[in-house]
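So the structure is just underneath, and the comments pick up after that.
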Amino acid sequence: MTGCSLYANKITTEFFDPLFIDQKYELGAALFIGWSGASLCIIGGVIFCFSIYDNNKTPRMGYAYNGATSVMSSRAKYHGGENVKTANPSKQFDKNAYV
């Protein structure tokens with residue numbers, strides 16, 4: 001938006017300057033497209049900021065992230081917490097250990 005505005009300012013000052021002898025330009029469609037595109041970007045940014053603000057006010061429903069856990073620690077948590085060192089080694093790594 002700044003670039004389009006600076007260029008439009010240059011064009012209008014040269015257009016209305018009676019001492020400017022070179023070819024004079026008028027505001028074209030490219031400037032208006034640039035201004036409207038920049039305006040849409042600003043409006044989209046404002047809408048995005050307000051959508052983030054609304055999400056922070058409402059409590060999040062769903063699952064909470066509890067951090068990364070290994071396969072063994074999650075199994076011990078849900079299957080009675082048997083000691084991994086004393087357990088049978090074949091039970092430590094079954095078919096779902098690396099999935």
Side-chain angles (χ1 to χ4, degrees):
M1 184 175 264
T2 305
C4 288
S5 298
L6 288 174
Y7 189 68
N9 183 28
K10 178 184 172 213
I11 290 173
T12 53
T13 54
E14 289 176 355
F15 186 80
F16 291 112
D17 186 12
L19 300 176
F20 189 74
I21 301 172
D22 292 339
Q23 183 178 1
K24 295 184 178 187
Y25 296 104
E26 295 181 3
L27 299 178
L31 282 173
F32 295 113
I33 291 171
W35 279 326
S36 56
S39 300
L40 287 174
C41 285
I42 291 172
I43 291 170
V46 168
I47 291 171
F48 179 68
C49 288
F50 282 123
S51 71
I52 290 175
Y53 178 71
D54 288 341
N55 284 341
N56 288 338
K57 286 173 62 176
T58 59
R60 292 184 181 215
M61 298 293 184
Y63 299 104
Y65 179 71
N66 294 328
T69 58
S70 66
V71 175
M72 297 311 295
S73 63
S74 64
R75 282 196 188 146
K77 183 174 163 182
Y78 294 113
H79 295 296
E82 67 181 20
N83 192 355
V84 176
K85 291 181 181 177
T86 60
N88 189 356
S90 64
K91 288 185 179 179
Q92 288 181 9
F93 301 105
D94 61 350
K95 64 182 176 182
N96 295 324
Y98 296 106
V99 178

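Please read all numbers here as calculations on a predicted model, not as lab measurements.
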How would you list, by chain and number, every residue that makes a ring-ring contact (aromatic ring centres under 6.0 Å, His included) with Phe15, sequence neighbours excluded? none
Could you pull out all residues at least two apart from Ala38 that satisfy side chain to side chain contact (heavy atoms under 4.5 Å, CB included)? Met1
If you measure from CD1 on Ile47 to CD1 on Ile52, what distance do you get to the nearest 0.5 Å? 12.5 Å
Between atom CD of Glu26 and atom CD of Glu14, what is the distance when rounded to the nearest 0.5 Å? 13.0 Å
Gly34 to Cys4 - nearest heavy-atom pair and separation: CA-SG, 3.7 Å
Examine Ile11 and Phe20 and state if one hydrophobic cluster contains both, with Ile, Leu, Val, Met, Phe, Trp and Tyr joined whenever side-chain heavy atoms are less than 4.5 Å apart. no
Pair Ser5-Trp35, side chain to side chain contact (heavy atoms under 4.5 Å, CB included): steps then yes or no: CA-CA 8 Å; Ser5 298; Trp35 279 326; 3.2 Å; yes
Hydrophobic clustering (ILVMFWY, side-chain heavy atoms < 4.5 Å, transitive) - are Tyr25 and Leu27 grouped together? yes
Tell me whether the count of non-hydrogen atoms from other residues, nucleotides or ligands lying under 6.0 Å of CG in Leu6 goes above 12. yes
Decide if atom NZ of Lys24 counts as having more than 12 heavy atoms of other residues, nucleotides or ligands within a radius under 6.0 Å. yes
